[in-house]
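Remarks on the structure that follows.
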Amino acid sequence: MVETIQWTTDGVVMIDQTRLPREEQYVTCRDYREVARAIRDMIIRGAPAIGVAAAMGVALGVQEGADFETVCDTLARTRPTAVNLFWAIDRMKRLYASLDGLDRAHVVARMVEEARQIRLEDIDICKAIGSHGASLVPDGKTVLTHCNAGALATAGYGTALGVIRAAIESGKRIDVFADETRPFLQGARLTAWELQQDGIPTTLITDNMAGHFLHSGRIGCVVVGADRIAANGDVANKVGTYSVAVLAKENNVPFYVAAPISTLDLTLASGDGIPIEQRAAAEVTHVFGVAIAPEHIRVENPAFDVTPARYVTAIITERGVVRAPYEHSLAALGRGTK
Ligand code: MRU
């Protein structure tokens with residue numbers, strides 16, 4: 001499976017997700033500013049992977065001897081929606097505070113160790129999500145997914161694609177429909193590539209075909225990832241997820257969200273409080289640098305939407321599968337100890 005992000009003696013090495021699938025190129029971030037740029041420019045993306053990158057960015061900043069608050073603030077200002085970013089920075093901040101008084105070499109070593117540990121934990125978490133979710137996937141049917149919630153969006157294995165991988169590992173004969181995911185094309189560029197690499201039968205469809213196939217009876221379930229889940233079970237994920245969820249309910253197809261506990265934001269009562277990242281107009285007006293719209297056209301480009309909890313059949317986490325009422329089931333899961 002592809003290596004999304006790694007800590008090396010040269011710096012933080014990431015596969016460049018802006019170039020896939022045409023080129024398999026790796027980028028080495030040698031300081032925390034380069035990590036922040038890589039997150040902002042979506043060289044690395046996907047909520048859990050953003051969290052791992054941020055943790056490694058903090059460790060790099062400490063290693064460089066940069067001002068700690070500046071390091072954390074710079075990384076926190078990269079992308080606002082994925083709560084894993086803030087979760088990871090907070091975890092690194094708590095560790096840093098606990099190391100007060102220790103010599104510099106020891107502090108650096110512990111910060112690096114913690115960032116590497118977050119990466120390793122993320123892979124185990126994805127595998128646990130997969131094993132909890134595998135039984136929900138109907139055998140002999142197609143799974144529809146949106147965006148990329150795979151190995152590329154995590155430290156490895158994936159959340160939504162982890163559920164698919166685990167279902168296949170458990171012997172189920174399934175195939176995948178991947179929404180292309182305009183405007184950034186994570187489905188066409190990343191999910192299609194990642195699943196093809198693993199030999200998982202995959203069909204690429206454009207976003208506006210989802211309703212057609214959900215109505216056809218072929219889709220056994222939808223599985224997507226999440227960037228932030230509010231206390232009532234409202235889910236922020238890649239823009240277009242909401243439309244898929246409504247169409248799934250209309251056609252009696254179960255709609256599952258696969259996400260780690262670090263994606264829960266129980267401080268928010270509902271999805272109304274989730275900050276939605278607005279991205280550059282060029283992502284909409286241009287495809288691979290080629291203009292597809294008239295100059296000066298007004299553009300909106302929200303990167304995420306919020307799916308109300310009533311459309312979510314279940315949320316699959318590393319601690320198990322929870323269902324409505326989410327106020328109770330999510331609170332019972334808790335945010336974890338780290
Ligand atoms: O803008 P992106 O590509 O970072 O958005 C990614 C998604 O919306 C994913 O579905 C989500 O982060 C979950 S990744 C396991």
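For ligands, and for the atoms within them, numbers begin at 1 and follow the listed sequence.
Salt-bridge check for Asp124 with Lys127: failed, with every basic side-chain N at 4.0 Å or more from each acidic carboxylate O. Here Arg189 does not pair with Glu194 in a salt bridge; the nearest charged N to carboxylate O distance is not below 4.0 Å. Salt bridge present: Glu121 and Arg91 bring a charged side-chain N and a carboxylate O closer than 4.0 Å. Salt bridge status for Arg279 with Glu283: present, with a side-chain N to carboxylate O gap under 4.0 Å.
Nearest non-hydrogen protein atom to atom 11 (C) of ligand 1 is Asp227 OD1, 3.1 Å. Atom 12 (O) of ligand 1 has as its closest protein heavy atom Ala47 N, 2.8 Å. Looking at atom 6 (C) of ligand 1, its nearest protein heavy atom turns out to be Arg45 NH2, 3.5 Å. The protein non-hydrogen atom at the shortest distance from atom 9 (C) of ligand 1 is Asn237 OD1, 3.4 Å. Ranking the protein heavy atoms by distance from atom 14 (S) of ligand 1 puts Ala153 CB, 3.4 Å first. Nearest non-hydrogen protein atom to atom 4 (O) of ligand 1 is Arg79 NH1, 2.8 Å.
Ligand 1 has Met42 within reach: a non-hydrogen atom of the residue lies less than 4.0 Å from it. At least one heavy atom of Ala226 sits closer than 4.0 Å to an atom of ligand 1.
Of the possible polar contacts, none joining the Lys141 side chain to the Ile174 backbone as a donor-acceptor pair under 3.5 Å is found. Side-chain atoms of Gln17 come within 3.5 Å of backbone N or O of Leu152 as a donor-acceptor pair.
The backbone and the side chain of Lys238 each have at least one atom closer than 4.0 Å to an atom of ligand 1 (non-hydrogen atoms only). Neither the backbone nor the side chain of Phe184 has a heavy atom within less than 4.0 Å of ligand 1. Under 4.0 angstrom from ligand 1, there are no non-hydrogen atoms of His146.
Using a 4.0 Å cut-off to heavy atoms of Ala149, the atoms of ligand 1 that qualify are 14 (S), 15 (C). The Pro48 neighbourhood of ligand 1 comprises atoms 14 (S), 15 (C), with distances under 4.0 Å to a heavy atom of that residue. Applying the 4.0 Å criterion to heavy atoms of Gln186 picks out, from ligand 1, the atoms 1 (O), 2 (P), 3 (O).
Side-chain contact, Asn84 with Thr263: a donor N or O sits under 3.5 Å from an acceptor N or O.
Around the CZ atom of Arg116, the shell of radius 6.0 Å holds no more than 12 heavy atoms that belong to other residues, nucleotides or ligands. By the neighbour-count criterion of 12 heavy atoms within 6.0 Å, atom CD of Glu23 is densely surrounded, having more than that number from other residues, nucleotides or ligands.
Considering backbone and side-chain atoms together, Cys147 places no N or O closer than 3.5 Å to any N or O of ligand 1.
Across Asn84, Thr159, Thr263, Thr181, heavy-atom proximity to atom 15 (C) of ligand 1 is greatest for Thr159.
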Under 3.5 Å, which donor-acceptor pairs link side chains of residues 267-275 to any protein atom two or more places apart or in another chain?
{"residue": "Thr267", "atom": "OG1", "partner": "Asp265", "partner atom": "OD1", "Å": "2.4"}
{"residue": "Ser270", "atom": "OG", "partner": "Asp272", "partner atom": "N", "Å": "3.2"}

